[in-house]
Asks: 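After the structure tokens below, expect a handful of questions from me.
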Amino acid sequence: MTHCGKVLLLTAAMALSACQSAGKTSTQAEASVDPETDQCRASQYQHFVGQPLTAIGSQKFAGPVRAIPWNGAVTMDFNLHRLNFMGDKEGNITRVYCG
């Protein structure tokens with residue numbers, strides 16, 4: 001296969017993968033939640049993404065929770081029952097996950 005053919009094949013593969021990613025809906029993402037890895041029920045708190053990290057201060061949670069500010073130091077122990085809210089430089093939540 002020529003260099004030009006390889007480039008065209010790679011470009012076509014990238015375009016197809018972009019189409020597949022764009023077609024997913026939040027309902028599909030929620031349906032694919034693995035209960036084994038979602039023991040802290042992080043899937044139920046995804047609506048906090050984009051909100052200020054301080055928004056979780058008034059919430060009540062059933063298990064352990066960590067609010068992790070940008071460049072914040074945290075222990076490296078892994079706890080599937082602990083809910084983590086990761087913040088960015090502006091103090092907004094960028095990720096909600098178990099661990």
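If you read the sequence from its start, that first residue is 1, and numbering goes on from there. On a predicted model such as this, the values are computed, not experimentally measured, just so you know. Note that these values count all heavy atoms, side chains included, but never hydrogens, waters or copies made by symmetry.
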Asks: Other hydrophobic cluster members with Leu80, side-chain heavy atoms of Ile/Leu/Val/Met/Phe/Trp/Tyr under 4.5 Å, chained?
Replies: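 Leu80 clusters with Phe78.
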
Asks: Linking I/L/V/M/F/W/Y whenever any side-chain heavy atoms sit under 4.5 Å apart, do Leu53 and Phe61 land together?
Replies: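 Yes: a chain of side-chain contacts under 4.5 Å links Leu53 to Phe61.
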
Asks: According to salt bridge (charged side-chain N to carboxylate O under 4.0 Å, His left out), who are the partners of Asp77, at least two apart in sequence or on a separate chain?
Replies: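 Counting only residues at least two positions away or on another chain, Asp77 forms a salt bridge (charged side-chain N to carboxylate O under 4.0 Å, His left out) with Arg82.
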
Asks: Could you state the interatomic distance from NZ (Lys89) to OG1 (Thr94), rounded to the nearest 0.5 Å?
Replies: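 Reported value, rounded in 0.5 Å steps: 12.5 Å.
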
Asks: Is it true that Val65 and Tyr45 fall in one hydrophobic cluster, defined by side-chain heavy atoms closer than 4.5 Å?
Replies: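 In one cluster with Val65: Tyr45, yes.
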
Asks: Could you tell me the separation between the CG atom of Asp38 and the CD atom of Gln44, rounded to the nearest 0.5 Å?
Replies: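 Between Asp38 CG and Gln44 CD, I get 7.5 Å after rounding to 0.5 Å.
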
Asks: List for me each residue that meets ring pair (Phe, Tyr, Trp, His ring centres under 6.0 Å) alongside Tyr97, sequence neighbours excluded, and say none if there are none.
Replies: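 Testing Tyr97 for ring pair (Phe, Tyr, Trp, His ring centres under 6.0 Å), a comparison that skips the adjacent residues, returns none.
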
Asks: Residues two or more places apart in sequence or in another chain: which of them pass side-chain hydrogen bond (donor to acceptor under 3.5 Å, both in side chains) with Gln46?
Replies: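 Here no residue qualifies.
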
Asks: What's the spacing between Phe85 CZ and Gln51 CD if we round to 0.5 Å?
Replies: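 One gets 9.5 Å once the value is rounded to the nearest 0.5 Å.
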
Asks: Can you give me the closest heavy-atom contact between Leu83 and Cys40, atom names plus distance?
Replies: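 Looks like CD1-SG, 3.7 Å.
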
Asks: Evaluate whether atom CZ of Arg41 has more than 12 neighbouring non-hydrogen atoms of other residues, nucleotides or ligands under 6.0 angstrom away.
Replies: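 Counting neighbours around CZ of Arg41, 12 or fewer heavy atoms of other residues, nucleotides or ligands fall under 6.0 Å, so no.
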
Asks: Rounded to the nearest 0.5 Å, how far does CG of Asn84 lie from CD1 of Ile93?
Replies: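 Here the interatomic distance stands at 11.5 Å.
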
Asks: Could you list the residues that satisfy side-chain hydrogen bond (donor to acceptor under 3.5 Å, both in side chains) with Ser58, not counting sequence neighbours?
Replies: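 For Ser58 there are no side-chain hydrogen bond (donor to acceptor under 3.5 Å, both in side chains) partners, ignoring immediate neighbours.
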
Asks: To the nearest 0.5 Å, what is the distance between CE on Met86 and CH2 on Trp70?
Replies: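 Nearest 0.5 Å value for the CE-CH2 distance: 9.0 Å.
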
Asks: Between CZ of Phe48 and CD of Gln59, what distance do you get to the nearest 0.5 Å?
Replies: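 One finds 4.0 Å between CZ of Phe48 and CD of Gln59.
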
Asks: Please list, chain by chain and in numerical order, all residues satisfying side-chain hydrogen bond (donor to acceptor under 3.5 Å, both in side chains) with Asn92, sequence neighbours excluded.
Replies: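 Expected list: none.
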
